[in-house]
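Structure first, commentary second.
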Amino acid sequence: MMNSALILGPGALGRLLAAYLDQQNRVALIGRQASSRPINLVTPEGEILSRPVPRITADQAPRQPALVHLATKAYAAQQALAELAEHIDPATPLVLWQNGFQVQEPLTRRWPGPVLCATTTEGAYTQGEDGVVHAGRGHTFVGHLDGGYPELADNVAKMLARASLSAEPCDDTRRRLWHKLAVNAAINPLVARYRIRNGQLRDRPFRPMVTAIIGDLNSVMEAEGITTPENGWEAMIWKVIETTANNRASMLQDVLANRPTERDAILGPLFEAARRHDIATPHLNALWDSTP
Ligand SMILES: NC(=O)c1ccc[n+]([C@@H]2O[C@H](COP(=O)([O-])OP(=O)(O)OC[C@H]3O[C@@H](n4cnc5c(N)ncnc54)[C@H](OP(=O)(O)O)[C@@H]3O)[C@@H](O)[C@H]2O)c1
């Protein structure tokens with residue numbers, strides 16, 4: 001029988017992956033505490049499903065898992081993986097699910113096994129100790145930063161798709177991660193600071209702030225050699241604001257819940273790139289200073 005896939009980080013995304021993948025594959029969810037309670041999934045259609053996913057601690061992990069889905073926040077990813085790495089084969093393939101572009105490059109270079117990155121528009125949040133609400137269906141792209149391991153990316157995408165999580169492999173992961181980062185940078189810090197829903201960015205006084213930030217993003221992306229979206233950064237970012245108008249972005253949810261935000265993972269890579277290319281980013285700088 002195929003070895004279990006492990007999901008490291010039993011938060012919103014980890015529980016979501018566990019609850020769906022469990023229908024088709026052997027999976028175990030790794031957290032700080034083991035539990036014998038099932039995961040309760042609320043589907044976007046409102047169905048409530050109970051999944052008996054094994055929930056274990058890192059030291060109980062099988063030595064040779066088929067794969068590890070790393071599903072912590074970006075700031076916790078390296079530490080969580082280091083704890084698990086003591087117990088599993090270093091050749092184990094990893095899938096990184098973090099937003100931003102903070103952990104993807106170092107883990108891809110340092111982890112001895114293959115490393116894929118996933119970018120997803122699935123939306124989920126936790127409910128109580130054991131629940132996850134699948135708030136909105138999305139799509140996931142999965143691939144290696146440099147386009148390597150296409151067969152593995154294909155298998156992972158198929159595994160997700162078989163479990164009803166729409167997914168496809170891609171060979172332009174780096175570009176997709178930077179595009180998502182640009183969208184997150186234009187939306188998340190502002191909505192978190194002003195505690196507004198995404199759609200309110202369309203109105204004054206926020207609209208010109210978004211436009212100014214897109215100007216900075218444009219310069220950084222160009223210098224970094226990231227292909228401009230088909231209709232330009234403005235069109236891409238305003239379209240996301242439009243389609244997510246009613247949403248409370250993850251960074252706002254973190255601020256409201258008094259949790260740390262993923263500010264560093266989202267804005268940090270932009271500053272590093274700006275420094276490397278000697279580009280002034282006054283609006284991004286102001287965003288950094290005002291983001292929790
Ligand atoms: N939620 C979504 O809909 C969604 C969508 C797209 C992308 N993402 C991205 O996916 C990543 C995870 O997001 P999330 O919403 O699932 O975050 P989350 O709800 O905060 O879950 C992260 C989980 O990781 C656990 N964790 C942290 N360090 C750990 C360690 N050393 N050992 C074991 N578990 C550890 C946390 O436990 P503690 O609470 O005990 O620290 C928490 O349960 C983020 O980068 C996010 O941007 C999320």
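Fair warning: this is a prediction, and the values are worked out from it, not measured in the lab. All ligand and atom numbering here is 1-based and tracks the order in the structure.
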request  = Look at atom CG of Asp289 and say whether more than 12 heavy atoms of other residues, nucleotides or ligands are closer to it than 6.0 Å.
outcome  = yes
ask   = Would Pro10 count as a contact of ligand 1 if the rule is a heavy atom under 4.0 Å away?
value = yes
query = What residue and atom, counting heavy atoms only, is the protein's closest point to atom 45 (O) of ligand 1, and at what distance?
reply = Glu262 OE2, 2.7 Å
Taking atom 20 (O) of ligand 1 as the reference point, the nearest protein heavy atom with its distance = Lys73 NZ, 3.4 Å
query = Parallel under 30°, tilted from 30 to 60°, perpendicular over 60°: which one fits the rings of Tyr194 and Phe206?
reply = tilted
task = Mind listing the closest non-hydrogen atom pair of Leu84 and Ala61 along with its distance?
result = CD1-CB, 3.7 Å
task = Just jot down the ligand 1 atoms closer than 4.0 angstrom to any heavy atom of Gly123, in number order.
result = 3 (O)
message = Give me the residue, atom name and distance of the protein heavy atom closest to atom 30 (C) of ligand 1.
response = Ala80 CB, 3.6 Å
ask   = Of all the atoms in ligand 1, which lie at a distance below 4.0 Å from a heavy atom belonging to Trp97?
value = 9 (C), 10 (O)
Result block: side-chain N/O donor-acceptor pairs under 3.5 angstrom for residues 90-97, not counting sequence neighbours:
unit_1	atom_1	unit_2	atom_2	d
Thr92	OG1	Asp89	O	2.6
Trp97	NE1	His69	ND1	3.1

message = Is there a side-chain contact between Met251 and Val191 in this structure, where contact means two heavy atoms from C-beta onward sitting under 4.5 Å apart?
response = no
request  = For Ala76, counting its heavy atoms only, list the atoms of ligand 1 lying under 4.0 Å from any of them.
outcome  = 27 (C), 28 (N)
query = Counting heavy atoms only, which of Leu16, Asn184, Asn99 comes nearest to atom 8 (N) of ligand 1?
reply = Asn99
query = Quick one: nearest non-hydrogen protein atom to atom 43 (O) of ligand 1, plus distance?
reply = Gly11 N, 3.2 Å
task = Quick one: do His139 and Glu168 satisfy side chain to side chain donor-acceptor pair (under 3.5 Å)? Show the steps, please.
result = CA-CA 8 Å; His139 188 72; Glu168 66 188 285; 2.7 Å; yes
remark   = Of Leu13, Val132, Ile7, Leu84, the one whose closest heavy atom lies nearest atom 16 (O) of ligand 1 is Leu13
message = Measuring only between side-chain heavy atoms, which start at C-beta, is Glu122 closer than 4.5 Å to His134?
response = yes
ask   = Who pairs with Ala18 by side-chain contact (heavy atoms from CB on, under 4.5 Å), at least two apart in sequence or on another chain?
value = Ile7, Leu29, Val53
note = closest protein heavy atom to atom 41 (O) of ligand 1 is Arg32 NH2, 2.7 Å
query = Nearest to atom 32 (N) of ligand 1, what protein heavy atom do you find, and at what distance?
reply = Glu83 OE1, 3.9 Å
query = Which residue and non-hydrogen atom of the protein lie closest to atom 19 (O) of ligand 1, and at what distance in Å?
reply = Ala12 N, 3.0 Å
ask   = Looking only at protein heavy atoms, which one is nearest to atom 26 (N) of ligand 1, and how far off is it?
value = Thr72 CG2, 3.8 Å
query = Which part of Glu122 is near ligand 1, with near meaning a heavy atom under 4.0 Å away: side chain, backbone, both or neither?
reply = backbone
key: Numbering as shown, the atoms of ligand 1 that approach Gln98 to under 4.0 Å (heavy-atom distance)   = 45 (O)
Within reach of ligand 1, part of Ala71 (heavy-atom separation under 4.0 Å) = backbone
query = Nearest heavy-atom pair of Asn184 and Pro189: which atoms, and what distance?
reply = O-CD, 3.3 Å
message = Taking the six-membered ring of Trp238 as reference, does the cationic atom of Arg202 (NZ for Lys, CZ for Arg) lie under 6.0 Å from its centre and within 45° of its axis?
response = no
ask   = Would one find more than 12 heavy atoms of other residues, nucleotides or ligands at under 6.0 Å from atom CG of Asn246?
value = no
